[in-house]
Amino acid sequence: MFTKVVSAVLVALPFFVNSAFAADCTRTYTVKDGDICDSISATNKVSTYQLAVVNSGTINPGCTNLNPGQKLCLGTAGEDCQDTYVVAFGDTCDTVTSKAGLNSTILSMNNPQINNDCTNIYVGEVLCVAKSVQVPPAPANGTPAVVIPTTAIPANPSATNVHPEHTPTPTPTPPSNNNGGNGNNGGNGDNTGDENDENLPFCDEL
């Protein structure tokens, strides 16, 4: 059973915790122009969750405040998952665990932002697929969920609530072909009744 997402917003850690993270940081990355959190995660083998937790006091919930030259921590001593998988279209948690050769419990523990039904993973998201728990624990005051980008494409649209811009436009139902019934509807614009009258004898022919 997957861990329920407690919050849809990254929870900022206290200052002293951030200081501890900085002191124990074993890998760093300097932000370049055009970077987004998912591209940094994919290139440097750090999960979306781990990047969010380690930099929770630096990166905002939507990861919209990255600046070129900014230094980020990628992992901390003893809690640095570098076995990662980039979610592709059509993936489910079952396909991810099958490809990585691990069970769903470990996947959930290493990626606590995944909801119970695994309906919130999206294309480009980076998951930790280590066979043991290697990521930093979630803060005691809430699970730091990664905010799904509004432009994200759900990995499995049939099993999730997709963003409005990715929702297929319903096919309009064609209007019913009503030919005016028996032609006695007078004023409905249908000539069916008039056509039938042509076959009736006029009074002077009787």
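Predicted model only: the values in this text are computed from it and were never measured.
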Residues that, via side-chain heavy atoms closer than 4.5 angstrom, fall in one hydrophobic cluster with I36: none
As a quick check of understanding, evaluate side-chain contact (heavy atoms from CB on, under 4.5 Å) for C37 and L66, giving each step before the final call. CA-CA 8 Å; C37 283; L66 297 180; 4.3 Å; yes
Under a 4.5 Å cut-off applied to non-hydrogen side-chain atoms, are V129 and L102 in contact? yes
Strictly distance-based, threshold 3.5 Å: is any side-chain N or O of N115 a donor or acceptor partner for the main-chain N or O of T119? yes
Please confirm whether the backbone N or O of I40 pairs with a side-chain atom of T43, one donor and one acceptor, at under 3.5 Å? no
Say you draw a straight line from NZ of K71 to OG1 of T30; how long is it, rounded to the nearest 0.5 Å? 5.0 Å
I need the D94 CG to L107 CG distance, nearest 0.5 Å. 9.5 Å
With a cut-off of 6.0 Å (strictly less than), are more than 12 heavy atoms of other residues, nucleotides or ligands near CG of N65? yes
List in chain and number order the residues that pass salt bridge (charged side-chain N to carboxylate O under 4.0 Å, His left out) with D91, two or more places apart in sequence or in another chain; answer none if no residue qualifies. K99
Return yes if a side-chain donor-acceptor contact under 3.5 Å exists between N60 and T64, otherwise no. yes
Hey, does the side chain of S108 reach the backbone of S104 with a donor-acceptor pair shorter than 3.5 angstrom? no
Is there a side-chain contact (heavy atoms from CB on, under 4.5 Å) between L51 and Y29 once you walk through the steps? CA-CA 11 Å; L51 186 69; Y29 176 79; over 6 Å; no
If only side-chain N and O atoms count, and only distance matters, is there a donor-acceptor pair under 3.5 Å linking T76 with D80? no
Does N103 reach the main-chain N or O of T105 with its side chain, forming a donor-acceptor pair under 3.5 Å? yes
Residue pair C128 / S47: nearest heavy atoms and the distance that separates them: N-CB, 3.6 Å
Has E125 got a side-chain atom pairing as donor or acceptor with Y122's backbone, closer than 3.5 angstrom? yes
Looking only at heavy atoms, what is the nearest atom pair of A155 and V87, with distance? CB-CG1, 3.5 Å
So, the side chain of N120 versus the backbone of I114: is there a donor-acceptor pair under 3.5 Å, distance only? no
side-chain contact (heavy atoms from CB on, under 4.5 Å) for C73 and N55? Distances and angles first, verdict last. CA-CA 7 Å; C73 180; N55 299 281; 3.9 Å; yes
Keeping S56 on the side-chain end and V53 on the backbone end, is there a donor-acceptor pair under 3.5 Å? yes
Atom pair CD/CG of Q50 and N44 - distance to nearest 0.5 Å: 11.0 Å
Taking the side chain as C-beta and beyond, is there a heavy-atom pair between P157 and F89 under 4.5 Å? yes
Please answer whether the main-chain N or O of P136 pairs with a side-chain N or O of Y49 as donor and acceptor at a distance below 3.5 Å. yes
Atom pair OH (Y85) and CG (N111), whose distance is rounded to the nearest 0.5 Å: 12.5 Å
Any idea which heavy atoms bring V123 and P154 closest together, and the distance? CG2-O, 4.1 Å
Hey, are the side chains of D38 and T48 touching, using non-hydrogen atoms and a 4.5 Å cut-off? yes
Test N110 against L127 for side-chain contact (heavy atoms from CB on, under 4.5 Å), laying out the working first. CA-CA 8 Å; N110 274 323; L127 304 179; over 6 Å; no
Taking L72 as the starting point, is it possible to reach V126 by hopping between hydrophobic residues whose side chains are less than 4.5 Å apart? no
K131 side chain vs A100 backbone, donor-acceptor pair below 3.5 Å: yes
Quick one: side chain to side chain donor-acceptor pair (under 3.5 Å) partners of S132, sequence neighbours excluded? Q134
Closest heavy-atom pair, E79 versus V135, reported as atoms and distance to 0.1 Å, is CB-C, 4.0 Å
